[in-house]
Asker: 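Structure below; questions to follow.
Note that the structure is predicted; figures quoted are calculated from it, not measured. Below, read A as the first sequence line, B as the second, and so on, with proteins coming before strands; counting in each chain starts at 1.
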Amino acid sequence: MIVMAVLMSTGVPDWARVAGIAAVTVGAIAFVVVMPRWRYAVHRWEATDEAVYTQTGWFDQERRIAPITRIQTVDSARGPLEQLFGLSTVTVTTASAKGPLRIAGLDVATADGLVDALTAAAQASAGDAT
Amino acid sequence: MTVEVAPEIPWRRLSRRMLFVHPVHELLRFLPLIVIFVVFGRGDVSNAPYGLIAAAAAVLLGVMRWLTTEYRVTPDQVQIRSGLLERKISSVARDRVRAVDVTARVMHRLLGLAVVTIGTGRQAGQNDDALRLDGLTVEETARLRGELLDRTAGEEAAAPATPGQVLARWRTSWVRYGPFSFSGFVTLGVLAGGAAQGLNELGPVDTDDVHLPHVVEQLADLGIGAVVTVAAIALVLAATMLATAGYFIAHFRFTLSREANGTLHVSRGLLTTRATTLEERRLRGVELDLPLPLRLVRGARLTAIATGADAGATALLLPPAPAAEARETAVRVLGDDTPVTGALREHPPAAIRRRWTRALGPAAVLVAATLVAGAAGVVSWPLAAAVAAVLLASGAALALDRIRALGHAIAGRWLVAQSGSIRRTRAILERDGVIGVNVRSSYFQRRAGVCTFTATTAGGREGYAVLDVDEATAIGLAEETVPGLLTPFLRA
C-alpha cells in the first residue's frame with residue numbers, strides 16, 4: 001500500500017513507476033500462488049484420547065499440543081466464506097491465553113464430530129483444567 | 001452459572017463510609033482544573049460547567065453504586081449483586097478463588113476502608129471488575145479474606161493475624177534499586193501527558209503573549225548540543241527522583257510471608273497500602289526478573305506465576321532488591337534451591353550463532369547507513385566512524401550477554417528457562433502446571449535446525465519460552481514436562 005502510494009505520487013519518473021508496479025504485481029501473484037499451497041502442505045491436525053495436536057503456518061510454523069485433560073472450551077465457527085465452501089473452524093482453548101489450538105478449514109461433518117468427541121472427552125476428565 | 005437460592009444467608013453491604021469517599025475522590029480528580037481556574041484566572045471558561053456536571057454525575061453514580069451493591073458468601077459460592085437498571089449477579093465458585101487483593105488508598109485508609117478484588121482462574125481481561133468490592137471496613141475485609149482462602153479452618157471465620165513465617169522483609173536500603181527500573185521514565189511520560197492535557201484545558205494559548213524566558217534564550221545561544229545535554233541530564237535526574245519516590249510509595253514496608261492456612265501474603269505501600277493473598281497450592285512457579293539496569297547494580301525482582309494473579313502488580317513477590325535476596329526469597333518460596341541456583345543446560349551452537357546474527361544484523365544495517373552518510377558527506381568521517389564503532393560494539397556486547405543468559409533445565413519439579421539481556425528473566429515453572437506445549441520455528445530457525453519451545457500455563461505470562469533448542473531437545477522437554485503427551489504422535 002505504502003509502495004503504491006509512493007509510486008502514485010508526483011515526481012516519480014515514469015520508468016520507475018512502471019518498474020515498481022510490475023514488481024509489486026509479480027510479488028503479489030507469487031504470494032497468492034505460493035502461500036496457500038505452502039500453508040496447505042504444512043497444516044496438520046490430530047486428536048487422540050490423550051491430546052490434541054495442530055501444526056500451522058508457512059514461513060513461521062508452529063506446532064501446538066494440549067492434553068485432553070486441560071481442555072476448557074471447544075468452539076466451532078463458520079465465517080461467510082467457510083459457509084460458502086462447507087467448511088468450519090474448530091478452536092480448542094486451555095486455561096492459558098497462549099494456548100488455543102485452531103483447526104481451520106475442516107469440512108462441517110468432520111468438525112462437528114470432532115467438537116462432540118472433544119467435548120465429551122474434556123467433560124470426562126476430572127479437575128478444573130488449570 | 002446457576003445461582004442457588006439460599007435465603008438464609010443475608011446479603012451484605014459495602015461500608016456506609018463509602019458515601020463520603022466517593023464525593024471527595026471526585027472533587028480531588030477535578031482539583032487540578034479548579035486550581036488552574038483559581039490561580040490563573042483564565043482559560044476557556046465555557047468548558048467548566050460540563051466539568052462540574054460530570055463531577056456531580058460521578059458523585060451520584062457513586063451513591064447509586066453503594067445503594068445497589070451487595071455481596072454474600074454461600075457455602076460454595078461468592079456472589080456480588082450490583083447495578084440499578086440492569087441488575088447483575090456475579091457468582092464464582094469458592095474453590096475457584098485463587099487470590100484476594102486488598103488495596104486501600106489514602107482516603108480509604110483514613111476511614112478504615114479497603115477495596116477487595118477477588119482473583120479467579122479465569123483468563124485475563126475477562127470481566128475482572130465484576131469481582132471487586134470497593135469499600136469494606138478493615139474488619140470485614142479480614143473476615144472475607146479468611147472465608148475465601150482459609151479452607152483448612154472450615155466454615156468458621158478465620159482467626160485473623162495468625163503469625164506467619166516471614167520470607168522477605170523490607171529494608172530501607174532497597175530504595176537504591178528504585179532508579180534502576182524503567183518506571184521513572186514511565187511516570188515521567190504519564191506526568192507529561194497529564195500536564196499536556198491540563199494545558200489543553202486552559203484553551204489555546206495566545207502565542208504573541210509568550211516570551212521565551214531569559215534562560216531559554218541563553219541556552220539557545222549555546223547551541224543545540226548543549227541544550228540537548230542539559231535536557232537529557234534534567235530528564236534523567238527527574239526520572240531518578242520520581243522512580244525513587246515511586247519505589248518508596250509503592251513498596252514501603254514490603255513483607256512477604258507464608259501463612260498457616262497455605263497462602264502467601266504480600267503487604268506493602270506508603271500511602272496506598274496493598275495486601276495480596278495468593279493460594280500457595282495455585283502457585284505455578286516464580287520468575288526472577290533481571291533487567292539490564294538492575295543487573296548492573298546486582299539487583300533483581302521476583303514475581304509469582306500463579307493462577308488468579310496476572311503478571312502485573314498482584315504477582316509481585318519481591319520489589320527490586322539485591323539479587324542475592326531475590327534468589328534466597330525464591331528458594332524460600334519454592335522450598336528447593338536447585339531451580340534457582342542450579343546449573344542450566346547449554347543450547348546448541350546454532351542458538352549461539354543466532355544470537356550473533358540477530359544482534360549484529362540490525363547493527364550492521366545501521367553501520368552501513370552511517371558509512372553511506374559519511375561517504376555522501378552528510379556527516380563528517382570521524383563522526384561516522386565513531387558511531388559505527390559504537391554500534392558494532394554494543395551489538396557485540398548484546399549478543400555476548402544474551403549468549404551468557406541462554407539456558408534451560410529440568411530441576412526437580414520445575415522447568416527452568418532463562419534468556420534475554422535488556423530484559424533477562426529466569427522463569428521457574430512447575431512441570432505439573434504446564435497445560436500445553438507450543439513449538440514454533442521460523443524459516444531461519446528451521447534452516448538452523450532449531451525451534452522455540454513454549455510451555456503454556458494458566459497465570460503469569462501464560463507461556464514461557466525456551467529459545468532455540470534442537471528438535472530432539474524440544475521433544476525431550478515436552479516429554480519431561482507433560483509425560484506421555486507426545487507418545488501417540490511420535491513415529492517409532
Asker: What residues of residues 463-473 of chain B sit under 4.5 Å from chain A when you count only heavy atoms?
Answerer: B:G463, B:E471
Asker: Could you measure the distance from the CD1 atom of B:I435 to the CD1 atom of A:I71? Nearest 0.5 Å is fine.
Answerer: 11.0 Å
Asker: Can a donor-acceptor pair be found, under 3.5 Å and without considering hydrogens, that links the side chain of A:K98 to the backbone of B:G436?
Answerer: no
Asker: Under 6.0 Å from the CZ atom of A:F85, do we count more than 12 heavy atoms belonging to anything else shown?
Answerer: no
Asker: Rounded to the nearest 0.5 Å, how far apart are CG of B:N438 and OG1 of A:T54?
Answerer: 8.0 Å
Asker: Go through A:Q61, A:Q55, A:R64 and name the one with the most non-hydrogen pairs under 4.5 angstrom from chain B.
Answerer: A:Q61
Asker: Got a sec: does the CZ of B:R440 have more than 12 other heavy atoms crowding it under 6.0 Å?
Answerer: yes
Asker: Taking only heavy atoms into account, what residues of residues 32-42 of chain A are found under 4.5 Å from chain B?
Answerer: A:W38
Asker: Write down the atom of B:T457, the atom of A:S96, and the distance for their closest heavy-atom approach.
Answerer: O-CB, 3.0 Å
Asker: Are any non-hydrogen side-chain atoms of B:S442 and A:D60 less than 4.5 angstrom apart?
Answerer: yes
Asker: Looking at every non-hydrogen atom in both residues, tell me the closest pair between A:R70 and B:V434 and how far apart they are.
Answerer: NH2-O, 3.6 Å
Asker: For B:S441, is it the side chain, the backbone, both, or neither that has a heavy atom closer than 4.5 Å to a heavy atom of chain A?
Answerer: both
Asker: Measure distances from B:V437 to the heavy atoms of chain A and classify the residue's part below 4.5 Å as side chain, backbone, both or neither.
Answerer: both
